Amino acid sequence: MNFAAPKGTRDILPPETAAWQYAEQCFADICARFGYKEIRIPTFEQTELFQRGVGDTTDVVQKEMYTFLDKGKRSMTLRPEGTAGVVRSYLENGMASWPSPVRLYYNLTAFRYENVQKGRYREFHQFGCEAIGAAGPAVDAELISLLQLYFQTLGLKETSLRINSIGCPVCRGTYLKILRDYLQPHLADLCANCRERFEKNPMRIIDCKESRCQEITQEAPSQLEYLCPDCRTHFDGLRGQLESLGLAYAVDPRIVRGLDYYTRTVFEFVSGFVGAQGTICGGGRYDGLIEDIGGPATPGIGFALGVERLLMELAAQNIELPGTQPMSLYLAVSGDHQDEAGVLCWKLRQAGIAVETDLMNRSLKAQMKYAGKSGARYALVLGDDEAASGAGRLRDLQNGEEKPVRLSELAAELTQTTTR
RNA sequence: GUGGGAUUAGCUCAGUUGGAUAGAGUGCCAGAUUGUGGCUCUGGAAGUCGUGGGUUCGAGUCCCAUAUCCCACCCCA
């Protein structure tokens, strides 16, 4: 074998593709129930969109983007996430004039040049939603409830929702100052990473897994204590909404999303099964993003759901998604009747029946073996007798029972028996 | 960018202190008296032992490099 799928990418093969189709279809159905319409956006965008949208200082932009010059010497980047592209499209297509809020969902691949590990790929799949134009906490609760319903519908037994508020630019500024003041005396005791974070993004220190850093941050002031009145009202409003919807959640001040655009509400659905990459789904409010990329100040909120991680979680919880529908009929051919078999298959398929037949001139026995392995519900042999009489025996492969059937009535017969 | 483990048939894996044509299970294909699957039996195809160097009379086995996979740090979905 000379070629292999590039590092961090993988082939998704049958029967796994059937589970993907189911997960996708189910997500589309739930989104429709909440009024979210599908949007499809380009796989790559101008690099600057992500620099301004996702944020120049983030790891994602600084070291994980697939960036290249096109033949016109324009810097392009394979999307590392979906929100920036959706918001660009919102502005470019004047969706501000659509009935508000604009509710969109997507199913896309994203690309990040990272070291691969469990639940983390360089090309990965995200389902996501964006609700643009509504400022109050009701949208936040709507999106979270959408996710909850999706997980519930798939059959996920345990979901762990964590929420936090990281404030707005105003109260975050004052909070960061207070946090720095608190950490300053302990600066020498922090790990090397955290000493760097101190200037760049001190909030991430709270998220550090080093035990020494955790001890220090144990007593650190929390953003939640320093929310401005508006952010406080918003957060309390969300909590009230979640409670009245009966959605269990935990407030986790350690949730600090790594993308610059997040404001106020941030949330995660976390799993214990996916390894170190426990976040199946992450999202939050981005009230400054649209302005950041050149539009009018417009509130928005969204989430992205890691499809690979979701499917891993389902597997870990022993939840099987429906697989490929097997054929309803295998048409075996005996003797020189391939042409008649082909014609019969064609008629059956036009009538909506899933049917396979031999294409390799195999022995009848080999064909029956194949039919058994294929999971087909029924088999029927087309040979000299059937070709002459126009009638055959329909064999139920689950119990071996056979019953006579006229070939001309096969479609009706199969439609009846398989839908019953 | 850093660290640990791995890489032998399509898949899961054996392979002794370095020794002759590299094995098993499973899967695939074919057959077990001429028109019927699952069980059983028989046979067959299928490997540049990740790749490139080195040590040696001799390397799947030892050494170096490199790629890829898995896991973790970091970060995120």
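The sequence lines fix the lettering, A, B, ..., with proteins before strands; numbering per chain opens at 1. All heavy atoms count here, side chains included; hydrogens, waters and symmetry mates do not. What you see is a predicted model; the values in this text were computed from it and never measured.
- The base of B/rG1 lies close enough to the side chain of A/Asn115 for a donor and an acceptor atom to sit less than 3.5 Å apart.
- Two residues, A/Gly383 and A/Met312, neighbour RNA chain B, and the one matched to the more 5' nucleotide by heavy-atom proximity is A/Gly383.
- Between the C1' atoms of B/rU68 and B/rC62, the separation comes to 23 Å (whole Å).
- Using a 4.0 Å heavy-atom distance criterion, A/Gly8 is classed as a sugar-phosphate-only contact.
- Among the heavy atoms of the strands lying under 4.0 Å from A/Ala304 are primed sugar atoms or P, OP1, OP2 only; no base atom is included.
- Rounded to a whole angstrom, the distance from the P atom of B/rG50 to that of B/rG43 is 29 Å.
- Using a 4.0 Å heavy-atom criterion, one finds that A/Ile280 contacts the sugar-phosphate atoms exclusively.
- Close to B/rU36, at under 4.0 Å from its OP1 or OP2, lies no side-chain N or O of A/Lys365.
- Side-chain atoms of A/Glu123 and A/Tyr66 form no donor-acceptor pair, as typed in the model, at a separation below 3.5 Å.
- Taking only side-chain nitrogens and oxygens, A/Gln367 never comes nearer than 4.0 Å to OP1 or OP2 of B/rU36.
- Look at A/Gln117 and you'll find a side-chain N or O under 4.0 angstrom from OP1 or OP2 of B/rA72.
- Rounded to an integer number of Å, the gap from A/Arg122 CZ to B/rC75 C1' is 14 Å.
- Atom P of B/rG60 sits at a distance of 12 Å from the matching atom of B/rU16, rounded to the whole Å.
- The only member of A/Asp287, A/Asp140, A/Asn164 that meets side chain to side chain donor-acceptor pair (under 3.5 Å) when paired with A/Thr265 is A/Asp140.
- Of the candidate nucleotides B/rG35, B/rC28, B/rC75, B/rC28 has the atom nearest to the side chain of A/Lys373.
- Residue A/Gly400 is classed as a base contact, given a heavy-atom separation below 4.0 Å to a base.
- Contact annotation: A/Ser363 side-chain N/O to B/rG31 OP1/OP2 distance is under 4.0 Å.
- Not a single donor-acceptor contact under 3.5 angstrom links the side-chain atoms of A/Glu268 to the base of B/rA77.
- B/rA59 and B/rC63: their C1' atoms are spaced 11 Å apart (whole Å).
- Heavy atoms of A/Gly119 sit under 4.0 angstrom from at least one base atom.
- A straight line from CZ of A/Arg10 to P of B/rC69 spans 12 Å, rounded to a whole angstrom.
- Judged by Watson-Crick or G-U wobble contacts below 3.5 Å, the nucleotide B/rA59 has no partner.
- Going from atom CG of A/Asp358 over to atom P of B/rA30 covers 10 Å, rounded to whole Å.
- At a threshold of 4.0 angstrom between heavy atoms, the contacts of A/Glu81 with the nucleic acid are absent.
- With both ends at atom C1', the span from B/rG52 to B/rG44 equals 35 Å, rounded to whole Å.
- Under a cutoff of 6.0 Å and an axis angle of 45°, A/Arg122 and A/Tyr113 form a cation-pi pair.
- Under the stacking definition used here (centres under 5.5 Å, planes under 30°), the residue A/Phe124 qualifies as stacked on the base of B/rA77.
- Nucleotide B/rU36 forms a pair with no other nucleotide shown, judged by Watson-Crick or G-U wobble geometry with both contacts under 3.5 Å.
- Atoms CG (A/Leu364) and P (B/rA30) sit 13 Å apart, rounded to a whole Å.
- The nucleotide B/rU68 finds its pairing partner in B/rA6, both defining distances of the Watson-Crick or G-U wobble pair being shorter than 3.5 Å.
- Using a cut-off of 4.0 Å between Lys/Arg side-chain N and Asp/Glu carboxylate O, A/Asp252 and A/Arg254 are scored as not salt-bridged.
- Separating the P atom of B/rG27 from that of B/rU40 is a span of 9 Å, rounded to the nearest Å.
- Judged by atom type and distance alone, A/Gln62 does not reach the base of B/rC75 through any side-chain donor-acceptor pair under 3.5 Å.
- With respect to the salt-bridge test (charged N to carboxylate O, under 4.0 angstrom), the residues A/Arg40 and A/Glu38 qualify.
- Contacts of A/Phe303 with the nucleic acid, taken as non-hydrogen atoms under 4.0 Å apart, are absent.
- Between the CG atom of A/Asp11 and the C1' atom of B/rC69 there is a distance of 14 Å, given to the nearest Å.
- One interatomic measurement links the two molecules: CG of A/Leu380 to P of B/rG37, which rounds to 15 Å at whole-angstrom precision.
- Residues A/Glu268 and A/Arg162 are not paired through a salt bridge, judged by the lack of any N-O separation under 4.0 Å between the basic side chain and the carboxylate.
- Each of B/rC74, B/rG37, B/rU36 was ranked by its minimum atom distance to the side chain of A/Lys369; first place goes to B/rG37.
- Side chain of A/Ala366, nearest nucleotide from B/rU68, B/rA30, B/rC75: B/rA30.
- Pair check for B/rA20 finds none; no Watson-Crick or G-U wobble contact set falls under 3.5 Å.
- A donor-acceptor contact closer than 3.5 angstrom links the side chains of A/Ser89 and A/Asn93.
- Look at the P atom in both B/rU26 and B/rC64: the space between them is 39 Å, to the nearest Å.
- As rounded to the nearest Å, B/rA9 and B/rG47 have P atoms that lie 10 Å from one another.
- Atoms CZ (A/Arg120) and P (B/rG1) sit 13 Å apart, rounded to a whole Å.
- Judged by distance alone with a 3.5 Å cut-off, no donor-acceptor contact links the side chain of A/Arg362 to the base of B/rC29.
- Counting heavy atoms from C-beta outward, A/Lys403 and A/Glu413 have side chains that approach closer than 4.5 Å.
- Of the candidate nucleotides B/rC75, B/rU36, B/rC70, B/rC70 has the atom lying nearest to any side-chain atom of A/Val116.
- Proximity note for A/Asp385 (side chain, C-beta onward) versus B/rG35, B/rC73, B/rG37: the nearest is B/rG35.
- Residue A/Lys403 contributes atom NZ, which lies 18 Å from atom C1' of B/rU36 at whole-angstrom precision.
- When distances are taken from the side chain of A/Leu397 to each of B/rG35, B/rG37, B/rA72, the shortest belongs to B/rG37.
- In the model, A/Trp20 has a side-chain atom that pairs as donor or acceptor with a side-chain atom of A/Glu16 under 3.5 Å.
- Checking B/rG1 for Watson-Crick or G-U wobble geometry (two distances, each under 3.5 Å) identifies B/rC73 as its partner.
- Between A/Lys63 and A/Gln126, the one whose closest nucleotide on RNA chain B sits nearer the 5' end is A/Lys63.
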